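To keep things clear, I will list the structure first and then write my remarks on it.
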Amino acid sequence: MSNAKLHDYDRIAGDSYFTIEADRLVPLLNQFFPVSGRVHEPAAGGGHLTRELAKLPDVSGVIETDIQTGTPIEALDGSIKPDWVCSNLPFKGQDALIWHLLNIYPQAWHAYLVRWNYLPPKKRHSVIHANPRFAGTVVCSKRPRWVENSTGSPAVDYCWAVWSPIGAPVTTPTIHFEGAAQ
């Protein structure tokens with residue numbers, strides 16, 4: 001599938017869209033939801049997020065797994081026990097992947113880079129709208145690029161969707177914008 005009006009590249013097989021602007025997106029997340037401790041990146045792909053997460057001052061280590069290295073997300077059993085789970089998950093099956101990760105890592109904060117329009121649909125009532133763990137979003141004011149040397153970004157807006165650990169105080173979800181002061 002291709003949309004020649006927006007870009008000059010076809011959709012990448014296998015849903016492999018690497019987070020090539022992780023150097024902007026990870027500090028953005030960290031500005032509003034400080035990432036600390038051990039972090040798991042379950043869809044590490046090219047390692048872009050992993051490298052940037054490891055640079056954060058309060059991160060003690062980053063564990064990366066990926067289907068390309070033989071560890072599909074669905075096979076994870078919770079034994080890693082991270083303090084944070086941060087990822088740009090594959091779009092295909094994203095709901096099931098988020099639910100699985102929230103369930104196997106209830107003690108962790110979770111941050112997933114998602115399309116902005118992922119948030120509103122009624123089918124996400126349990127995972128977002130009525131979920132006391134849903135902590136909020138950090139909106140990317142500039143659309144991320146997913147393809148090296150592309151001339152622009154796709155016509156899709158993105159945000160970090162964030163969930164708190166089980167047992168954390170329940171708060172009203174917040175919305176933060178890239179470029180805004182905290």
Side-chain angles (χ1 to χ4, degrees), residues 15 18-19 22-23 25-116 118-121 123-140 158-176 178 182:
D15 206 17
F18 300 133
T19 316
D23 60 335
L25 299 171
V26 168
L28 173 62
L29 169 65
N30 192 61
Q31 177 184 356
F32 298 103
F33 291 94
V35 180
S36 61
R38 285 172 30 106
V39 181
H40 180 201
E41 212 296 38
H48 298 86
L49 283 176
T50 302
R51 285 189 294 278
E52 297 304 320
L53 287 162
K55 293 177 184 177
L56 296 176
D58 295 327
V59 169
S60 59
V62 181
I63 301 103
E64 63 177 30
T65 56
D66 192 82
I67 192 168
Q68 296 175 6
T69 58
T71 311
I73 295 167
E74 301 87 344
L76 293 169
D77 62 6
S79 60
I80 294 173
K81 300 199 184 320
D83 300 298
W84 273 84
V85 181
C86 296
S87 193
N88 172 18
L89 297 171
F91 182 71
K92 185 177 181 182
Q94 198 170 52
D95 289 335
L97 297 175
I98 289 174
W99 267 121
H100 177 66
L101 291 163
L102 286 170
N103 287 325
I104 66 167
Y105 298 131
Q107 80 291 347
W109 284 87
H110 293 255
Y112 301 112
L113 198 56
V114 298
R115 293 178 179 192
W116 177 251
Y118 176 82
L119 302 172
K123 71 179 183 176
R124 301 209 173 85
H125 181 76
S126 296
V127 74
I128 295 174
H129 313 150
N131 188 336
R133 291 179 64 190
F134 187 69
T137 62
V138 182
V139 181
C140 301
Y158 282 83
C159 68
W160 284 104
V162 181
W163 288 260
S164 62
I166 282 184
V170 175
T171 60
T172 302
T174 58
I175 182 170
H176 304 280
E178 182 175 15
Q182 186 169 0

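Given the structure is predicted, the values throughout are model-derived calculations rather than measurements. Any value given below was found using the heavy atoms of this structure, including those in side chains, with hydrogens, waters and symmetry copies removed.
- The side chain to side chain contact (heavy atoms under 4.5 Å, CB included) test with Tyr112 singles out one residue from Val85, Val162, Leu97, and that residue is Val85.
- You'll find the side chain of Leu56 reaches within 4.5 Å of the side chain of Leu53, heavy atoms only.
- In this structure, NE2 on His176 lies 10.0 Å from CG on Leu29, to the nearest 0.5 angstrom.
- Across Ile175 and Trp116, no two heavy atoms sit closer than the pair CD1-CH2, 3.5 Å.
- Using a 4.5 Å cut-off on side-chain heavy atoms (C-beta onward), Asp95 and Lys123 make contact.
- Residues satisfying the side-chain contact (heavy atoms from CB on, under 4.5 Å) test with Asp83, not counting sequence neighbours, are Arg38.
- Side-chain N or O atoms of Trp160 include one that pairs as donor or acceptor with a backbone N or O of Leu25 at under 3.5 Å.
- Heavy atoms only, all atoms of each residue included: His40 and Leu76 are closest at CE1-CD1, 3.5 Å.
- The structure places OG1 of Thr71 at 8.0 Å from CD1 of Ile80, a figure rounded to the nearest 0.5 Å.
- Within the 3.5 Å criterion, the main-chain N or O of Ser164 finds a donor-acceptor partner in the side chain of Arg133.
- Judged purely by atom type and a 3.5 angstrom limit, His110 uses its side chain to pair as donor or acceptor with the backbone of Tyr105.
- In terms of heavy-atom proximity, Asp66 sits nearest to Gln68 at OD2-N, 2.8 Å.
- Between the side chain of Ser36 and the main chain of Val59, no donor-acceptor pair closer than 3.5 Å is present.
- For the pair Val35 and Trp109, the minimum side-chain heavy-atom distance is 4.5 Å or more.
- The shortest side-chain heavy-atom distance between Ser87 and Ile73 does not fall under the 4.5 Å cut-off.
- For the pair Phe134 and Leu119, the minimum side-chain heavy-atom distance is below 4.5 Å.
- A pairwise comparison of heavy atoms in Thr137 and Ala161 identifies CG2-CA, 4.5 Å as the closest pair.
- Closest approach of Pro42 and Leu89 over heavy atoms only: CG-CD2, 4.3 Å.
- Other residues, nucleotides and ligands contribute only 12 or fewer heavy atoms inside 6.0 Å of the CD1 atom of Ile67.
- A side-chain donor-acceptor contact under 3.5 Å links Trp163 to the backbone of Val127.
- Taking 4.5 Å as the limit, every side-chain heavy atom of Leu113 sits out of range of all side-chain heavy atoms of Leu49.
- Atom CD of Glu41 is separated from atom CZ of Arg51 by 11.0 Å, given to the nearest 0.5 angstrom.
- Here the side chain of His48 pairs no donor or acceptor atom with the backbone of Asp23 at under 3.5 angstrom.
- In terms of modelled atom types and a separation under 3.5 Å, the side chain of Asn103 and the main chain of Trp99 share a donor-acceptor contact.
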